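Encoded as structure tokens, the structure appears first; notes follow it.
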Amino acid sequence: MPELPEVAYQKKYADATILHKKIVNVETGDKKLFQSSKSEFEETLKNNQFTGSERLGKYLFLNLEKHGVLVVHFGMTGRLEYYQHEELPKYAQLTLTFEDHSRVSFTCPRKFGKLYLAESLIEFQKRNGLGIDALALQKVEFLEILKSKTGTIKALLMNQKQIAGIGNLYADEILFQVKIHPATKVNELSEKDKLNIYDKIEEVLEVVKKVREEGQKLPESYITTVRKKGANCPRNEGKIEQIKVSGRTTYFCPNCQEEKS
DNA sequence: TAGATTGTTACCTT
DNA sequence: AAAGGTAACAATCT
């Protein structure tokens, strides 16, 4: 599920389903997901309730009436499922039953998700060194982050300690939209390039966030819609290629996104 | 079937 | 010291 736009959708989903209801039962799954002891989760959540939610990057914060906040990281396959029936969904790792008998499960087939207990969003952000949320990022902050960096622009966009919220998919999308080769070194970018990248970060994330929240389709001009080796470029100027950049599989159009020399 | 998949991070090298 | 690249994690799909 999980880059910034998908987590924004999970926040909307949580807001519509699980706020202001007393939690009467807590069931936990594989302990590798739980970043505090499972008994601590059980004790903290039982007889408590969610009062609201916040999002930072790819993390969802479910604020509790007492004892701080439940923090959810969705890994690659995590999601919230709200339902009224008895049987647990497949891959349920945390299941809360509310006073009205409805339930919510955090499901996570690949178990890359993580659950934390924290005092607050700010405390969690500091403790984990998370950067500024990509949609709250100011132009000057972005330019400051780019200073004296030597790695690839793609790796920087995905570095959660610098900018929080962009992953492999939308890093590729941003660089496709701005027509910059993903392996370009940050120190080789012109000032114009940098400003264009900043604008596309905001544009792409806003567009995809809205698409996810409203259940719409991505624009046909997006490489994400044809993310496959040999596919036709949405601009019809070439064939999509697949390479590795900073260890991650990367899709781009060599025709639109020329390599700097 | 080998390699791919939206996540992070420990561990290497420079 | 710090920054950047890589492999590993788990389960499934093509």
Side-chain angles (χ1 to χ4, degrees), chain A residues 1-11 13 29-35 55-61 71-80 89-94 106-116 118 124-125 127-131 133-135 144-177 182-189 201 204-205 207-209 211-213 217-218 222-231 240-252:
Chain A
M1 251 274 148
E3 293 183 42
L4 184 153
E6 288 77 23
V7 178
Y9 168 75
Q10 292 290 311
K11 169 173 158 52
Y13 184 83
D30 192 329
K31 76 173 193 299
K32 79 173 284 237
L33 293 260
F34 295 85
Q35 306 302 301
R55 184 192 57 71
L56 173 66
K58 303 172 188 173
Y59 292 85
L60 178 63
F61 298 79
V71 187
V72 182
H73 190 284
F74 294 88
M76 288 171 103
T77 54
R79 55 184 291 218
L80 296 173
K90 209 173 178 186
Y91 308 115
Q93 297 294 345
L94 174 67
F106 174 67
T107 62
C108 194
R110 282 170 65 184
K111 299 182 185 176
F112 284 2
K114 286 195 171 73
L115 297 163
Y116 307 79
F124 185 85
Q125 179 177 23
R127 175 153 55 97
N128 293 284
L130 285 175
D133 185 81
L135 279 180
E144 187 62 33
I145 288 168
L146 291 181
K147 271 190 192 162
S148 70
K149 295 294 190 304
T150 55
T152 66
I153 181 62
K154 172 160 176 173
L156 184 138
L157 291 178
M158 292 195 299
N159 185 337
Q160 305 301 303
K161 289 183 162 46
Q162 306 287 348
I163 304 171
I166 302 170
N168 199 22
L169 233 57
Y170 303 132
D172 280 359
E173 188 62 63
I174 289 160
L175 293 171
F176 176 75
Q177 291 301 325
T184 309
K185 303 280 186 180
V186 173
N187 54 310
E188 290 169 357
L189 293 168
I201 290 172
V204 166
L205 292 179
V207 166
V208 182
K209 176 170 176 258
V211 163
R212 296 303 182 222
E213 286 181 338
K217 285 176 76 177
L218 286 172
Y222 274 32
I223 193 174
T224 307
T225 60
V226 296
R227 210 167 183 279
K228 209 175 173 185
K229 196 174 3 180
I240 303 305
E241 278 187 17
Q242 182 204 65
I243 56 171
K244 289 269 183 190
V245 176
S246 305
R248 300 305 304 274
T249 303
T250 299
Y251 295 89
F252 76 109

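Lettering follows sequence order; numbering is per chain, from 1. As the structure is a prediction and not an experimental result, all values here were calculated from the model.
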With respect to the phosphate group of [N], does any side-chain polar atom (N or O) of [X] fall under 4.0 Å of OP1 or OP2?
{"X": "A:Thr77", "N": "C:dT12", "value": "no"}
{"X": "A:Thr150", "N": "C:dG4", "value": "yes"}
{"X": "A:Lys58", "N": "B:dG7", "value": "yes"}
{"X": "A:Arg227", "N": "B:dT6", "value": "yes"}
{"X": "A:His73", "N": "B:dG7", "value": "no"}
{"X": "A:Arg110", "N": "B:dT6", "value": "no"}
{"X": "A:Lys111", "N": "C:dA11", "value": "yes"}
{"X": "A:Tyr59", "N": "B:dT8", "value": "no"}

Are the ring of A:Phe112 and the six-membered base ring of C:dC9 within the stacking cut-offs of under 5.5 Å and under 30°?
yes
For A:Ser246, answer base if it contacts any base atom (sugar-phosphate contacts may also be present), sugar-phosphate if it contacts only those atoms, and nothing otherwise; contact means non-hydrogen atoms under 4.0 Å.
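Here A:Ser246 touches the bases of the nucleic acid.
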Mind checking A:Arg212 for me? I need base, sugar-phosphate or nothing, with any heavy atom below 4.0 Å counting as a touch.
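Result for A:Arg212 = nothing.
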Which atom names give the shortest non-hydrogen contact between [X] and [Y], and what distance separates them?
{"X": "A:Ala164", "Y": "A:Leu4", "answer": "O-CD1, 4.1 Å"}
{"X": "A:Lys154", "Y": "A:Val245", "answer": "CB-CG1, 4.1 Å"}
{"X": "A:Gly167", "Y": "A:Lys58", "answer": "CA-NZ, 3.5 Å"}

Short question: side chain of A:Gln10, backbone of A:Leu80 - any donor-acceptor pair under 3.5 Å?
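The answer is yes, because a donor-acceptor pair under 3.5 Å joins these two groups.
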May I ask you to decide if A:Asp172's main-chain N or O and A:Gln177's side chain share a donor-acceptor pair within less than 3.5 Å?
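Judged by distance alone, no pair lies under 3.5 Å.
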Distance in angstrom units between [X] [atom1] and [N] [atom2], rounded:
{"X": "A:Lys244", "N": "B:dG3", "atom1": "NZ", "atom2": "C1'", "value": "9 Å"}
{"X": "A:Leu130", "N": "B:dG7", "atom1": "CG", "atom2": "P", "value": "14 Å"}
{"X": "A:Gln93", "N": "C:dA11", "atom1": "CD", "atom2": "P", "value": "9 Å"}
{"X": "A:Gln162", "N": "B:dT9", "atom1": "CD", "atom2": "C1'", "value": "16 Å"}
{"X": "A:Lys114", "N": "B:dA10", "atom1": "NZ", "atom2": "C1'", "value": "11 Å"}
{"X": "A:Leu33", "N": "B:dT9", "atom1": "CG", "atom2": "P", "value": "14 Å"}
{"X": "A:Gln10", "N": "B:dT6", "atom1": "CD", "atom2": "P", "value": "17 Å"}
{"X": "A:Phe74", "N": "C:dA11", "atom1": "CZ", "atom2": "P", "value": "20 Å"}

Per [X] side chain, nearest of listed nucleotides [options]:
{"X": "A:Lys32", "options": "C:dG5, C:dA10, B:dT6", "answer": "C:dA10"}
{"X": "A:Tyr251", "options": "B:dG7, B:dT6, B:dT5", "answer": "B:dT5"}
{"X": "A:Gln242", "options": "C:dG4, B:dT5, B:dG7", "answer": "B:dT5"}
{"X": "A:Tyr91", "options": "B:dT6, C:dA11, C:dG5", "answer": "C:dA11"}

Does a donor on one side chain and an acceptor on the other come within less than 3.5 Å for A:Tyr251 and A:Gln242?
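A:Gln242 and A:Tyr251 do have a side-chain donor-acceptor pair below 3.5 Å.
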Do the side-chain N and O atoms of A:Glu6 and A:Tyr170 include a donor-acceptor pair separated by under 3.5 angstrom?
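Looking only at side-chain atoms, A:Tyr170 and A:Glu6 do form a donor-acceptor pair, the distance falling under 3.5 Å.
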Which one is paired to B:dT14, where only Watson-Crick or G-U wobble pairs with both distances under 3.5 angstrom count?
C:dA2
Work out how far the P atom of B:dA4 is from that of C:dT6, and round it to whole angstrom.
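To the nearest whole Å, 14 Å.
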Could you tell me how far B:dT6 sits from C:dG4 if I compare only their C1' atoms? Round to whole Å.
22 Å
Whichever of A:Lys229 and A:Arg248 has its nearest DNA chain B nucleotide further upstream toward 5'
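First, find each residue's nearest nucleotide; the 5'-ward one identifies A:Lys229.
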